[in-house]
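Encoded as structure tokens, the structure appears first; notes follow it.
Residue numbers start from 1 in every chain, and the chains themselves are labelled A, B, ... in the order their sequence lines are given, proteins ahead of strands.
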2 protein chains.
Amino acid sequence: MSLATAKRDARQVLLRPSSVVEAVYDSIYHRLMALEIAPGSRIPIDVLAREIGVSQTPVREALTRLEREGLVRKEHLIGYSAAPQWTRKQFEDLYAFRLLLEPEGARLAAQNMTPTALRDLEAVAADMEHGEGPVDRTTRYSRFARADAHFHDEILKIAGNEVIRSTLSGQHVHLHIFRLMFNTRVTQEALEEHESLLDAFRAGDPRAAMDAMREHVERSRDRLLMAFE
Amino acid sequence: MSLATAKRDARQVLLRPSSVVEAVYDSIYHRLMALEIAPGSRIPIDVLAREIGVSQTPVREALTRLEREGLVRKEHLIGYSAAPQWTRKQFEDLYAFRLLLEPEGARLAAQNMTPTALRDLEAVAADMEHGEGPVDRTTRYSRFARADAHFHDEILKIAGNEVIRSTLSGQHVHLHIFRLMFNTRVTQEALEEHESLLDAFRAGDPRAAMDAMREHVERSRDRLLMAFE
DNA sequence: CTATATCAGATCCTATACGATATTGTATTT
DNA sequence: AAATACAATATCGTATAGGATCTGATATAG
């Protein structure tokens, strides 16, 4: 490997991902996830730019992306604000939507399952249970929400339909759920349902995977619906 | 109504929608639709800004939105370019995706159908057939694609699930189809299928609406698949 | 003739400055 | 006392300028 190539590789690794916009996007995303920015509250561009330590332009681009993803709202000549807490109807619509896509994703994944893909998926599932170290409830649930997102995304990767995958990941389901439920714990049942999903994958049974996923999503919905009462 | 209120209303109507970013977004969108910007070709920000007559910042925000929607691609420190033409696999994935959502959308719409909603929908369908004036093939098909998008969106509005609706509208299905098919004519059959959909809505039959939509999407897919050969 | 190094042009990324608009608070009038 | 008119502040929207990086061409050495 030449020196120039090594240098280029270093740049690829060190500088490429740094693009300020990406960093700003992640920063805002995590602030929303951690509820540092409360749902519905204003997000002044210049304040954010000062806090993060960059100029306004990259903040603008990050907010534009977040707006398109539904995480923040924009009112012309008024400004940006964090998306308000979800209504029950939005929540039900989202789950009706997931129930149309995720069972089919599980079915496709079972069809395409390979030994290595199954091993990777089991590794992801195992990570969810062994969160290292005792932490406060909020952090623990935040970590769970991200791991769950990872698990579902991994299944959709195996399924192979990129339209379904990118759509569901773009919905930021788990972020919204976290904002709704951050103070509860409903993780144990979910882990068991994931296990029966894995069983279906191990058996290579598309129909069973589909049913297991449907049941998982439905039960998840029912668990969370209690938050509205 | 006070003078101040009248003035504010005027502003609402005249100035609010004008926000430069919106105009720029529409401009780029229509250029993509009209194939003035060929799939895969570069889109220099400053050139675009000069052509449209605005500064770079609004162009940047519009391109960020378009990137998130998959219509343009962005490479860090290289620039934006129009999304490349679709592969057959992407196309099939998209239709598998639509087949999961649109029949259910039609079913929900049939359930919620009201006389006024039906009348509006019939008006939209009628617009599709009476394109005024003789125009070239490309313009005619572009107009058809937009009208078809409008028709499907109207059904999803009636269905009432905003997650499904915004997701499908965000996929810009019809723009991609147009870019694929702009030089063919496959409109007549689609109009007939819309008609049988309307029949199901008139009868208030959710099951029939679901089946009609499934058939419409499947036939649409099969018609377009020929473009890959 | 091929490969490497250097240089120029183009483009993107970031920062700052200015003008336009909405919101908020105060004073005045009825 | 309540409502209206006015002014000040904060924020957004836009424009422009400068620094950093990539791409492509040219020249030189092997």
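For the pair Leu48(B) CG and dT14(D) P, the computed distance is 15 Å after rounding to whole Å. What separates CZ of Arg50(A) from P of dT14(C) is a distance of 19 Å, to the nearest Å. Atoms CD (Glu75(B)) and P (dC12(C)) sit 12 Å apart, rounded to a whole Å. Following rounding to the nearest Å, Leu77(A) (CG) and dA10(D) (P) show an atom-to-atom distance of 18 Å. We find that CD1 of Ile78(A) is positioned 14 Å from P of dT21(C), with the value rounded to whole Å. Residue Ile43(B) contributes atom CD1, which lies 13 Å from atom P of dT11(C) at whole-angstrom precision. Nucleotide dC13(C) holds its P atom 17 Å from the CZ atom of Arg60(A), rounded to whole Å. Distance, Glu61(A) CD to dG13(D) P: 14 Å, rounded to whole Å.
Side-chain contact of Tyr95(B) with Glu102(B): a donor-acceptor pair under 3.5 Å is absent, judged by distance alone. Judged by distance alone, the side chains of Thr167(A) and Gln171(B) do bring a donor and an acceptor atom under 3.5 Å apart.
Panel note: side chain Ser41(B), backbone Ile37(B); no donor-acceptor pair is recorded below 3.5 Å.
In terms of phosphate contacts, His76(B) brings a side-chain nitrogen or oxygen within less than 4.0 Å of OP1 or OP2 of dC13(C).
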What's touching nucleotides 15-19 of chain D from the protein side, N or O pairs under 3.5 Å?
{"from": "dA15(D)", "atom 1": "OP2", "to": "Ser55(B)", "atom 2": "N", "distance (Å)": "2.6"}
{"from": "dA15(D)", "atom 1": "OP2", "to": "Ser55(B)", "atom 2": "OG", "distance (Å)": "3.0"}

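Taking the six-membered ring wherever Trp is involved, the centroid distance between the rings of His194(B) and His152(B) falls below 6.0 Å. Ring-centre distance between His172(A) and Tyr29(A): below the 6.0 Å cut-off.
Surrounding CZ of Arg73(A) are at most 12 heavy atoms belonging to other residues, nucleotides or ligands under 6.0 Å away.
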